[in-house]
K.L.:
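Handing you a structure now.
When a ligand or atom number is given, it counts from 1 through the structure's own listing order. By convention here, the first residue in the shown sequence is residue 1.
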Amino acid sequence: MIRNIIDNIIADKTYSIEDLSTVLQCNGDDRQYLFKKSQEIKEKYVGKKVYFRGLIEYSNICAKNCYYCGIRRDNKALERYTMTNDEVIEAAMFAYKNRYGSIVLQSGEISSPAFVDNITHLLKQIKELSNAELGITLSLGEQSEETYQQWYEAGAHRYLLRIETSNKDHYEKIHPNDHLHRYENRLQTLNILKKLNYQVGTGVMIGLPYQTYENLAADLMFMKELDMHMCGMGPYIEHKDTPMCTWNVELLPIEQRYDLTLKMIALLRIMMKDINIASTTALQAIDPIGREKAITIGANIIMPNITPRKYRDKYFLYDNKPCADEDAEDCIRCLEMRIKFAGGEIGYNEWGDSKHFFNKPSHE
Ligand code: SAH
Ligand code: SF4
């Protein structure tokens with residue numbers, strides 16, 4: 001029965017949210033079947049290559065107050081920082097020299113003109129210093145269409161903005177009810193990014209309070225219907241200084257959130273065969289080889305952290321973040337081994353763009 005559903009998904013036949021929800025709850029041989037198939041589909045459609053995105057956590061200043069996040073505005077138990085431009089350039093050049101192919105610039109959400117213009121300036125500089133060879137992904141939250149346009153023209157070509165949960169009611173439970181946290185705006189923003197010709201990635205957290213299997217199944221359907229080019233999903237991990245952490249709701253044990261994340265990745269891979277799927281750091285926070293397992297069963301992107309060490313322990317979105325005390329150089333060596341172990345090869349010096357973005361017949 002579950003195998004039939006999996007085969008139907010692979011054959012692009014119709015399937016329902018209930019079907020996806022059933023697969024998300026599978027165990028034993030069915031679970032192995034899912035992982036075997038997702039591995040096959042991955043190798044067939046996107047190959048064995050794993051692409052690096054050097055992650056630069058530019059600033060932990062944020063205007064928003066998401067209930068789950070450690071760097072939310074109202075967390076006073078946190079020293080705030082913004083990297084200097086020299087530090088950003090140095091990190092980007094580290095990625096370039098080490099043949100990473102791409103970087104991701106991520107931060108809390110700030111929309112001041114000074115912030116926006118500085119990002120533009122940084123983008124231009126990084127492009128120039130890398131002979132336009134370094135690909136740049138941004139993950140700087142919700143911004144205006146003009147801002148996104150300006151950043152695109154300055155050299156950014158991919159954008160990550162998780163919907164967090166595709167269910168409006170659920171979204172409203174996990175965010176404050178004010179103009180900064182509107183589900184409609186987040187959705188609209190994803191559409192604007194697509195319109196501007198960015199390769200767009202979204203995703204959700206897995207194991208959130210009040211989240212059901214149906215919600216997660218609907219999240220997968222949402223990504224397919226929105227025809228996203230990339231996806232980053234990870235387990236929700238508590239952060240002690242957040243409101244969500246004090247909620248009196250029963251959560252899935254952390255190992256189950258982890259297992260569910262692997263199943264979400266595997267299912268998405270068989271649903272959207274040629275997209276880029278990131279193996280997120282939060283997986284590694286739970287299992288030391290969590291990211292490698294995700295690579296084996298369907299993910300093809302890894303985001304090694306190249307933020308200067310002195311800032312690492314200040315960008316805590318959740319507790320137990322891995323690698324906070326490792327140097328970027330250490331991470332490279334261990335990563336190479338880890339990816340080989342997961343049966344992958346590293347796509348050095350390549351942007352590793354989403355094949356789906358180019359394969360789409362509707363794309364001009
Ligand atoms: N401010 C930007 C980018 C930085 S936050 C934005 O929100 O889009 C990046 C991601 O971290 C968020 O999208 C969210 O999914 C994730 N995140 C935040 N808190 C988390 C937590 N407690 N556990 C797991 N992921 C978390
Ligand atoms: Fe800010 Fe992003 Fe954290 Fe929300 S998830 S509080 S927008 S950094």
K.L.:
Side chain or backbone of R257 under 4.0 Å from ligand 1, or both, or neither, by non-hydrogen atoms?
P.N.:
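Answer for R257: neither.
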K.L.:
Search all heavy atoms of K314 against all heavy atoms of I71 and return the closest pair with its distance.
P.N.:
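Between these two residues, the closest heavy atoms are O-CG2, 4.0 Å.
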K.L.:
Please work out whether any backbone atom (N, CA, C, O) or any side-chain heavy atom from C-beta onward of Y315 is under 4.0 Å from ligand 1, and answer side chain, backbone, both or neither.
P.N.:
side chain
K.L.:
Give the C-alpha distance, both sets of side-chain angles, the deciding distance and a yes or no for ring-ring contact (aromatic ring centres under 6.0 Å, His included) between Y51 and W351.
P.N.:
CA-CA 7 Å; Y51 300 101; W351 282 11; over 10 Å; no
K.L.:
I need the contact type for Q106 against ligand 1. Using non-hydrogen atoms and a strict under-4.0 Å cut-off, is it side chain, backbone, both or neither?
P.N.:
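Side chain only.
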K.L.:
Once you restrict to heavy atoms under 4.0 Å, what part of P235 touches ligand 1? Side chain, backbone, both or neither.
P.N.:
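Looking at P235 and ligand 1, just backbone atoms fall under 4.0 Å.
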K.L.:
For atom 7 (S) of ligand 2, which protein heavy atom lies nearest, and how many Å away is it?
P.N.:
C62 SG, 3.6 Å
K.L.:
Among all the protein's non-hydrogen atoms, which is closest to atom 16 (C) of ligand 1, and how far away is it?
P.N.:
R162 NH1, 3.7 Å
K.L.:
Using a strict 4.0 Å cut-off to heavy atoms of I71, name the atoms of ligand 2 that fall inside it.
P.N.:
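Those atoms are 8 (S).
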K.L.:
Using a 4.0 Å heavy-atom cut-off, which part of S107 comes near ligand 1: side chain, backbone, both, or neither?
P.N.:
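Contact part for S107 vs ligand 1: backbone (N, CA, C, O).
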K.L.:
Under 4.0 Å from ligand 1, counting heavy atoms only, is it the side chain of A282, its backbone, both or neither?
P.N.:
neither
K.L.:
Measuring to atom 1 (Fe) of ligand 2, does C66 have an N/O/S atom at a distance below 2.8 Å?
P.N.:
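It does not: C66 brings no N, O or S atom closer than 2.8 Å to atom 1 (Fe) of ligand 2.
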K.L.:
Ignoring hydrogens, tell whether any protein atom lies closer than 4.0 Å to atom 2 (Fe) of ligand 2; use the non-hydrogen atoms only.
P.N.:
no
